[in-house]
Structures are given as structure tokens and as C-alpha cells.
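Here is the structure we will look at.
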Amino acid sequence: MSKEVGQRKAAGEDVAELMKSMAGIGPRLKDVEATLGGVQAELRTLMAEIPNLPHTSVPAGSSEHDNVEIRRWGDPSQPVFEVKDHVDLGTQLGMMDFDAATKLTGSRFVVMFGALSTLHRALIQFMLDVHTREHAYRETYVPYLVNERSLFGTGQLPKFEEDQFLTTSDPSYYLIPTAEVPVTNLYRDVIVEPESLPARHVCHTPCFRQEAGSYGKDTRGMIRQHQFEKVELVQLVDPSRSWAALEELTAHAAIILEKLGLPYRVVTLCDGDLGFSAAKTYDLEVWLPGQQRYREISSCSNFEAFQARRMGARWRDPSTGKPALLHTLNGSGLAIGRALVAVMENYQTADGAITVPEVLRPYMGGMERIDRG
RNA sequence: GGAGAGGUGGCCGAGCGGCUGAAGGCGCUCCCCUGCUAAGGGAGUAUGGGUUGACGCCCAUCGAGGGUUCGAAUCCCUCCCUCUCCGCCA
């Protein structure tokens with residue numbers, strides 16, 4: 001109609017009456033739009049906090065006790081001597097100092113020195129090399145601070161605000177809780193061509209987590225820290241391939257444990273233990289002699305279209321020629337702090353030293369043994 | 001941090017409050033011409049969403065969000081980002 005005004009005016013006609021008839025439309029339209037907007041916002045808010053639907057293959061259960069073991073690898077049998085945990089080992093070696101970290105910052109941090117620090121770095125290098133050279137992941141470097149939209153995209157916000165470290169509030173920048181956030185969000189508002197799928201990224205970053213609600217848990221040692229390193233695997237795939245991709249990705253993470261010679265088992269998380277965004281998750285649990293139990297060292301998930309929907313990550317489906325949601329996956333490959341703990345405890349000797357696993361020696365200048373001094 | 005400039009289609013680049021979803025150029029696609037290469041002529045060419053068997057039609061989009069107006073790429077406000085100079089700095 002407004003177009004008509006212009007046309008008639010150009011033709012020299014009188015448009016006063018037409019304009020008068022339209023005068024009331026504006027306010028009415030605005031009113032209706034406001035109502036619609038309100039309803040849509042409400043709907044969005046509600047939907048933002050609804051978790052993903054578990055896949056049909058996910059076992060039912062209410063807690064981690066109902067997770068289902070899939071397989072085991074390696075021999076977790078006891079050495080003949082009395083084993084120490086990583087805290088005693090590291091402290092007695094003079095290479096791990098929790099008190100210092102408490103002084104510098106607070107609880108749930110660690111300071112390391114010397115060969116232990118090098119071992120920590122060696123683990124990172126080793127994992128990055130295996131995943132890039134043997135599993136065809138593209139090494140990726142990303143910001144460690146992200147904005148709210150990124151955390152929304154992968155599902156940490158709005159529901160898990162209390163787990164994040166907020167640094168600035170104008171604009172809101174958060175320390176990343178995992179590389180999953182920046183890496184997956186590379187594809188936010190992006191339509192990728194089918195040729196570039198699957199997109200595979202491997203990314204080493206520090207991770208920062210408040211660990212809210214885990215106050216009494218794992219207070220000893222490096223198992224649960226506010227800051228830890230992780231080498232993360234992220235895949236974006238054709239939706240018809242995502243379940244196969246989850247198996248592959250989990251295998252890529254497991255191979256690291258095998259190369260390191262660390263006994264582990266694979267469990268499928270039951271629906272009660274499943275994360276907010278995941279449709280299915282395999283946890284890799286490494287054997288820790290110091291705790292006499294398996295502990296999570298990697299979590300590999302298929303999110304199907306859940307994250308993709310939140311962030312608008314799409315591909316051009318060749319069968320229709322139209323943009324369609326991708327499927328996203330990720331998994332730790334592996335958590336570095338816990339891998340260090342596992343190496344220390346599994347490779348300890350009777351005299352409190354640590355044998356360096358074969359595959360890490362090239363990364364440590366050939367060092368075979370970490371000993372005092 | 002200080003001072004300026006600017007964000008328009010795959011790219012470059014115009015744009016008066018009203019037939020501008022957007023001139024022109026480049027690029028790309030198809031056709032014609034030309035016995036090579038090159039040049040030349042013509043036509044077409046934004047994206048996303050919805051709808052249709054299909055032609056098509058409808059909606060949204062000129063950094064983002066608000067506002068003014070019957071009508072905004074164009075005017076006003078807020079924010080984001082980019083560039084240049086200065087300062088600072090790994």
C-alpha cells in the first residue's frame with residue numbers, strides 16, 4: 001500500500017485519503033507484532049532449557065550406577081608393592097605442589113615442576129600428533145574466552161551458568177569450559193558444502209569450570225580442578241553418518257589410551273546420567289591404581305541436531321539442494337590432567353619413580369624415568 | 001586508551017524518504033560470432049524461510065537492535081565490527 005502511495009503521488013494524484021485510511025494500521029500492526037514477539041520469546045526461553053532426547057540405544061537408568069559397560073582393555077592387576085596415588089607420587093618427587101596453588105589462587109588448582117610438567121606437555125603433543133597424523137583431524141587454535149551466544153550454541157547456557165567462569169560483563173566473556181564451545185561454534189550461522197564433510201577438528205585448550213555442586217567430591221589431587229588441559233575432538237557430519245561417526249570418534253580417543261598402555265573400559269551412559277545436549281555418550285574410564293577404580297578420562301557424544309539447531313549449523317543436503325541441520329559430535333581425546341594422573345599411577349615403580357611410557361619418550365628428550373632430583 | 005573514517009549482493013562500488021532487492025563494474029553460467037590464444041555481441045546471475053507436481057507466488061534481509069514515518073539502505077538513538085593515525089604492549 002505504501003508503494004501505491006508513491007506510485008499515485010508520482011502520477012500526480014491526490015493521496016490524502018489513502019494515507020488517512022492507512023494511518024490506523026501502523027499502531028495496530030505494532031501491537032500485534034509485540035504480542036507475537038512476546039509469545040515467541042517465551043517459547044524460545046522454554047525451549048532453551050529442554051534437554052536433548054536420548055537415542056533409542058541409550059539404556060534407562062537414574063544415575064551413573066546404571067551406566068552399561070561395553071568392553072574392557074588392558075590388565076589392571078596390582079603390582080606386588082603398595083601403590084601410591086598421584087598426589088603422594090608427585091609431592092614426594094617434589095614436582096607437584098597443591099599448597100602453592102592454593103596460595104596463588106585457591107583450591108582445585110595445581111602447580112607442577114620439572115619432568116612432571118614436561119610429561120604433562122608431552123601428553124598434549126603426543127595426542128595432537130596422533131589425531132592429526134593418524135586420524136585426519138585438523139589442528140585448530142581458538143580463543144579461550146567466548147561470548148554468550150557461543151555458550152548458548154553448545155548448550156552450556158542458559159541452564160548451566162553457574163558452572164562457567166564469567167570474566168567481563170560488558171560484553172560478557174566467559175572462560176571456555178571445553179574446546180567444544182569455540183570449535184563447534186565455528187559453524188554457527190554457517191552453511192557448509194557437502195564436500196567439506198565430515199569436518200574434523202582437534203584442539204588443545206585449557207578448560208575452566210566452577211565445579212559448582214561438587215563441593216565434597218574429588219577434593220584430593222588433580223582429578224577435579226577449576227583449570228585443566230584437554231585435547232578435544234570435534235566432528236560435524238552428514239546426519240545420516242553421525243552414529244557411525246560416534247563409534248569412530250570414540251575409537252580415536254581409545255587408541256590414545258592403548259598407545260599409552262593404560263587399562264580402560266568403555267561405558268554407555270544411561271539416560272539419567274546423560275548430559276543436557278547429548279543424544280548418546282560413551283565414557284572412557286581409565287584404571288587408577290591409586291583409587292582402585294576406573295575414572296572418566298573421556299566423554300564422547302553425538303548431539304545429533306541439538307547443538308546445530310541452537311547455533312544454526314547447516315550443510316547443503318545434496319538430495320534436496322537445500323540447507324539442513326548438521327549433526328555435531330565431540331569427545332575428549334583425552335583429558336590431559338587425568339591422563340597425567342593415570343600415567344603416574346600406572347607407571348609408578350616400587351621406589352616411587354615413574355617410568356615414562358614408550359610413546360612419550362620422543363617428546364621428553366628420550367627420558368625413560370622420572371625420579372627425584 | 002585518544003582522534004578520525006567506514007560497514008550495501010561472490011568481489012568492487014553507486015544509492016534522491018516513495019515502482020531500489022538494490023545502478024554500474026568484475027566474476028560466474030548459457031548462447032552467438034570468431035579456424036589458435038585473445039577480443040567482441042546477447043541473455044542470465046543475492047541469500048534465507050514458506051508454499052507449489054512444476055512455472056511461480058509470498059515473507060525476511062543493505063553490520064545488529066530499537067525509533068521516526070502512510071512508507072527507511074536512505075533520517076534519529078544504542079550496540080557490534082572493520083580500517084587509518086597516535087599511545088601502550090607479548
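Below, chains carry the letters A, B, ... as their sequence lines are ordered, and counting in each starts from 1.
Sorted by first and then second residue, the ring pair (Phe, Tyr, Trp, His ring centres under 6.0 Å) pairs involving residues 292-339 of chain A (not counting sequence neighbours) are A/Phe276-A/Phe306, A/Trp287-A/Tyr294.
The distance between atom CZ of A/Arg149 and atom P of B/rC81, rounded to the nearest whole Å, is 14 Å. In this structure, the CG atom of A/Asn147 is 17 Å from the P atom of B/rA64, given to the nearest Å. In this structure, A/Tyr144 places its OH atom 15 Å from C1' of B/rA90, rounding to the nearest Å.
Residues passing the salt bridge (Lys or Arg N to Asp or Glu O under 4.0 Å) test with A/Glu247: none are found, sequence neighbours excluded. Take A/Gln78 and apply the side-chain contact (heavy atoms from CB on, under 4.5 Å) test, not counting sequence neighbours, and it matches A/Val83, A/Gln292. Residues passing the side chain to side chain donor-acceptor pair (under 3.5 Å) test with A/Asn346, sequence neighbours excluded: none. In this structure A/Arg108 satisfies the salt bridge (Lys or Arg N to Asp or Glu O under 4.0 Å) test with no other residue, sequence neighbours excluded. When the salt bridge (Lys or Arg N to Asp or Glu O under 4.0 Å) test is applied to A/Glu232, the partners found at least two apart in sequence or on another chain are A/Lys230.
Annotation: B/rG65 and B/rG56 have their C1' atoms spaced 34 Å apart (nearest Å). Across B/rU74 and B/rG63, the matching C1' atoms stand 16 Å from one another, rounded to whole Å. Distance check on atom C1': B/rG21 versus B/rA72 gives 14 Å, rounded to whole Å. For the C1' atoms, the distance from B/rC30 to B/rU47 is 22 Å, rounded to whole Å. Between the C1' atoms of B/rC88 and B/rG1, the separation comes to 8 Å (whole Å). Taking atom C1' on both nucleotides, B/rC62 is separated from B/rG17 by 16 Å, rounded to a whole Å. Taking the P atoms as reference points, B/rA5 lies 23 Å from B/rG9, given to the whole Å. Spacing between B/rU61 and B/rG71 at atom P, rounded to whole Å, works out to 14 Å.
Using a 4.0 Å cut-off between a side-chain N of Lys or Arg and a carboxylate O of Asp or Glu, A/Lys159 and A/Glu49 do not qualify as a salt bridge.
Exactly one residue among A/Val183, A/Leu326, A/Leu329 makes a side chain to side chain contact (heavy atoms under 4.5 Å, CB included) with A/Leu236. That residue is A/Leu326.
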Would you be so kind as to tabulate the donor-acceptor pairs closer than 3.5 Å made by side chains of residues 111-127 of chain A, with sequence neighbours excluded?
| residue | atom | partner | partner atom | Å |
| --- | --- | --- | --- | --- |
| A/Thr118 | OG1 | A/Gly114 | O | 3.1 |

Interface polar pairs with nucleotides 47-53 of chain B, N/O, under 3.5 angstrom:
| residue | atom | partner | partner atom | Å |
| --- | --- | --- | --- | --- |
| B/rG48 | OP1 | A/Arg316 | NH1 | 3.2 |
| B/rG48 | OP1 | A/Arg316 | NH2 | 2.7 |
| B/rG48 | O3' | A/Arg314 | NH1 | 3.3 |
| B/rG49 | OP1 | A/Arg314 | NH1 | 3.1 |

- Message: Reading 5' to 3' and counting Watson-Crick or G-U wobble pairs with both distances under 3.5 Å, write the dot-bracket notation for RNA chain B, | for bases paired outside the strand.
- Response: ((((((((.[[[..)..(.....]]]((((((.......))))))((((((....)))))).[[[[[..)....]]]]])))))))....
